[in-house]
Amino acid sequence: MVEITNEQRDIRIEKEKELERMGINPYPHIYRPTHTSSLLNEENKDLPNDTEKEELVKVAGRIRAIRNSGMFMDIYDKDGKIQIFSSLQHLPEEELKVLSLLDIGDIIGIEGTIKRTKRGELSVVSQKITVLAKSLQVLPEKYHGLTDVEMKYRQRYVDMIVNKETIESLINRSKIMTSVRQTFLDKGLLEVETPILHPIKGGATAKPFVTHHNALDADLFLRVAPELYLKRLIVGGMEGVFEMGRVFRNEGIDTRHNPEFTILEVYWKYKDYYDMMDLFEEVVRNACLATHGTLKIEFDGHEIDFEKPFERRSMDSLVKEHTGVDFLAIKTDKDAVEAAHRLGVKVEGDQNWGQALVSVFEEKCEGYLIQPTHVMNHPISNSPLTKTNREDDRLVERFETYINGWEMCNAYTELTNPIDQRARLEDQVRQAKEGNEEADGILDEDFVTALEYGLPPTGGLGIGIDRLVMILTGNLSIRDVIAFPTLRQK
RNA sequence: GAGCGUGUAGCUCAGCUGGUAGAGCACUUGACUUUUAAUCAGGGGGCCCAGGGUUCGAAUCCCUGCACGCUCACCA
């Protein structure tokens with residue numbers, strides 16, 4: 001960022017130089033505070049008004065407010081505010097000089113005694129001021145804060161300093177990731193890593209990013225899903241594995257999509273999709289407790305209840321409930337497309353029964369699924385990696401859990417039959433040749449070979465971590481839960 | 001990718017049917033001193049997103065571009 005003129009920055013640089021002329025390094029190597037704001041408050045919660053203690057403490061933080069010509073300063077550390085009281089009559093000349101060179105935004109350390117003022121504000125009475133980082137940039141206004149969304153995302157550090165909700169969301173993101181990880185580790189599942197650079201795109205229907213390896217002179221795809229590698233680990237003998245990591249999809253950007261996002265995938269031997277429903281519910285409950293301490297939360301004006309078991313509904317039953325149309329009674333692709341058209345749902349004429357069902361579901365049902373709901377039994381046509389439903393061979397054993405109308409996860413009883421798998425992937429290749437950009441154009445032979453060695457019955461679950469964080473932090477935009485969301489270069 | 005909207009001081013925003021800029025916070029000088037959006041008085045600070053055009057004259061009207069937001073499309 002190139003500043004042409006900035007008077008206030010020039011003044012701050014001059015103050016920085018003045019500190020150096022006084023023999024003070026405004027960017028020292030180390031400072032060790034003895035107290036955080038919360039510890040200070042905890043230890044002195046019973047200190048009466050207008051009393052001072054003799055104990056010397058050291059605190060540190062960023063100056064956010066200066067009042068009464070420096071007599072009062074508010075500094076903030078990770079836990080909150082500490083008021084600094086500087087008695088202008090009692091501080092030595094040198095300290096007064098340093099005080100006069102401070103600005104809002106500077107990070108300072110204060111050594112002094114503890115006092116509660118007449119008005120009841122716990123304060124540190126400064127005896128020694130140490131500049132820890134002279135700030136050369138002016139912070140946004142204290143009252144309105146930073147509202148320019150572009151600057152919020154481009155200079156997230158400023159947003160974090162000024163807007164408490166921003167740093168809190170990012171802290172909660174970290175807590176949620178820890179909770180999710182711990183839920184799996186507690187069950188004995190192994191955290192693993194698989195390639196991000198894929199020679200063949202696979203594992204999800206999505207447009208990939210393509211990159212190039214010079215020494216190999218080969219194009220590689222940034223992964224759209226880790227699925228096919230994780231299943232190989234199950235073939236190899238691991239009992240259960242999970243990976244939490246970044247995947248990349250070359251698609252549009254909006255409030256619910258970022259080109260790179262965090263997915264968690266877990267595969268567990270001798271489990272099916274019913275087990276994955278229980279597993280997902282446990283993951284969500286633990287993460288909710290880790291961030292809220294309760295299982296009922298408010299989101300976008302709705303109370304969302306994670307306490308009771310999530311509703312389990314088949315896709316066709318939801319469609320029937322909201323439209324009156326029973327897709328299971330429809331036998332041909334043509335009739336299915338016509339049924340969709342009668343409901344006002346746009347479906348291409350050449351689409352099949354399953355695509356029509358999914359389209360109607362997405363348009364007519366999704367929005368109603370505010371409370372956690374497992375939507376089960378998708379049509380087979382767009383689930384190439386899923387085992388056929390044991391009760392209806394037009395369907396598969398798959399579910400997606402919806403919260404607030406958003407798809408939060410995607411889980412299967414994994415397809416393990418290598419012959420069936422080959423046929424389904426060959427169908428994808430056929431679709432790709434017909435122009436479907438998201439279908440996999442090259443069959444991952446090695447993956448099918450792995451299945452030929454024998455994949456035991458396995459349950460798999462993929463969770464959109466960013467969306468889980470959104471729900472649990474009350475954020476309506478995915479950009480607010482990703483520290484550095486993708487933006488155009490300026 | 002399409003439609004709509006926004007872009008003015010470090011930040012938050014005014015700026016009418018065109019006459020080359022204002023406020024609050026912040027900064028600065030001074031006053032004051034137990035304040036907590038401290039207060040009071042003075043002062044400084046603008047490539048008005050960029051480039052074209054219309055006009056005697058453009059922050060303002062028109063065109064093009066850039067960035068961001070919202071809605072839609074694709075998707076998780």
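Reminder, nothing fancy here: chain letters follow the sequence lines and each chain counts from 1.
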Counting the atoms with a prime plus P, OP1 and OP2 as sugar-phosphate, which does A:Leu139 contact under 4.0 Å by heavy atoms, base, sugar-phosphate, or nothing? nothing

Is the ring of A:Tyr143 stacked on the base of B:G24, with centres less than 5.5 Å apart and planes under 30° off? no

Tell me whether the side-chain N or O atoms of A:Glu7 pair up with the base of B:G44 as donor and acceptor below 3.5 Å, since no angle test is needed here. yes

Per the under-4.0 Å heavy-atom filter, residues of residues 59-84 of chain A near RNA chain B come out as A:Arg67, A:Asn68, A:Ser69, A:Met71, A:Phe72, A:Lys81, A:Gln83

When you measure only distances, ignoring hydrogens and angles, does the side chain of A:Asp10 come within 3.5 Å of the base of B:C27 through a donor and an acceptor? no

On a plain distance test, is the side chain of A:Lys115 in donor-acceptor contact with the base of B:U34 below 3.5 Å? yes

Got a sec? Which of residues 35-50 of chain A come in under 4.0 Å of RNA chain B, heavy atoms? none

Taking atom types as they are modelled, is there a donor-acceptor pair under 3.5 Å from the base of B:G24 to the side chain of A:Glu141? yes

Salt-bridged, A:Asp50 to A:Lys118, with N to O below 4.0 Å? no

May I ask you to test the A:Pro259-A:Glu251 pair for a side-chain heavy-atom distance under 4.5 Å? no

Counting the atoms with a prime plus P, OP1 and OP2 as sugar-phosphate, which does A:Glu407 contact under 4.0 Å by heavy atoms, base, sugar-phosphate, or nothing? sugar-phosphate

Determine, using ring centers only, whether A:Phe184 and A:Trp268 are less than 6.0 Å apart. no

At under 4.0 Å between heavy atoms, what does A:Thr147 touch on the DNA or RNA strands: base, sugar-phosphate, or nothing? sugar-phosphate

Regarding the side chain of A:Arg154, the nearest nucleotide among B:A37, B:G10, B:C68 is B:C68

Any side-chain donor paired with an acceptor under 3.5 Å for A:Thr373 and A:Glu311? no

Any pair counted as salt bridge (charged side-chain N to carboxylate O under 4.0 Å, His left out), so long as it reaches residues 92-102 of chain A, sequence neighbours left out: A:Glu18-A:Lys97, A:Glu95-A:Lys128

